[in-house]
Amino acid sequence: MPASAPGELMQIDSTPLDVLVRLDDGIAEKAELTAMVDIATRSITAAVLRPTTKAADASALLARSVTPETMRPGWPEALRMSRSVLPDRRLLPLDERLEHAAARPVIVPETIVCDHGKVFISNNFRASCR
């Protein structure tokens, strides 16, 4: 397959992990990792660790991939978008949130590849993609 441009092709998938996590109710249960990956750069644009992945989790991953990450208190200045090699000043007219953003890529997919799991073909996730 030829290399794609960033954001052209992304993949989303879930995998069960062989670890136990303690849930809010105190019960220990296995967890599932769901991640969205930009195929061209092999960047993980978003990930979530949940007992069971729901369509809302997949939609949240998509939203995180296309939304600038705001700098948080305590993060070093070196993590600012303005300190990266990305052309942040040219991008500011497109999204003013980039002025206070961390240097995490914002990638808008053209195509999302999935394994046709019920979470990824749900009406909720398809609506989020639209």
In short, Met10 meets Met36 closest at the heavy-atom pair CE-CG, 3.6 Å
Contact list for residues 20-31, test salt bridge (charged side-chain N to carboxylate O under 4.0 Å, His left out), sequence neighbours left out: Asp18-Lys30
Measuring from atom OG1 of Thr45 to atom CG of Leu62, what distance do you get when rounded to the nearest 0.5 angstrom? 8.5 Å
Pairing residues for Ala47 by the side-chain contact (heavy atoms from CB on, under 4.5 Å) criterion, not counting sequence neighbours: Leu33, Ala35, Ile44
Can you list the residues that meet the salt bridge (charged side-chain N to carboxylate O under 4.0 Å, His left out) rule with Arg50, with sequence neighbours excluded? Asp57
Between Gly117 and Asp115, what is the shortest heavy-atom contact and its length? N-OD1, 2.9 Å
Under a 4.5 Å cut-off applied to non-hydrogen side-chain atoms, are Thr34 and Val119 in contact? no
Listed once per pair and sorted, the salt bridge (charged side-chain N to carboxylate O under 4.0 Å, His left out) pairs that draw on residues 119-130, sequence neighbours left out: none
Residues at least two apart in sequence or cross-chain that pass side-chain contact (heavy atoms from CB on, under 4.5 Å) with Asn124, listed by chain then number, are Ala55, Ala56, Ser59, Ser122, Ser128
Can you name the closest pair of heavy atoms from Phe125 and Phe120 and give their distance? CD2-O, 3.2 Å
Linked, directly or transitively: Leu49 and Val19 (ILVMFWY side chains, under 4.5 Å): yes
Residue among Val66, Asp38, Ile39 satisfying side-chain contact (heavy atoms from CB on, under 4.5 Å) with Pro109: Val66
Any side-chain to backbone donor/acceptor pair from Glu32 onto Ser14? Under 3.5 Å, distance only. no
If you look at every heavy atom in Val48 and Leu61, which pair is closest and at what distance? N-CD2, 3.8 Å
Partners meeting side-chain contact (heavy atoms from CB on, under 4.5 Å) with Thr52 (sequence neighbours left out): Lys54
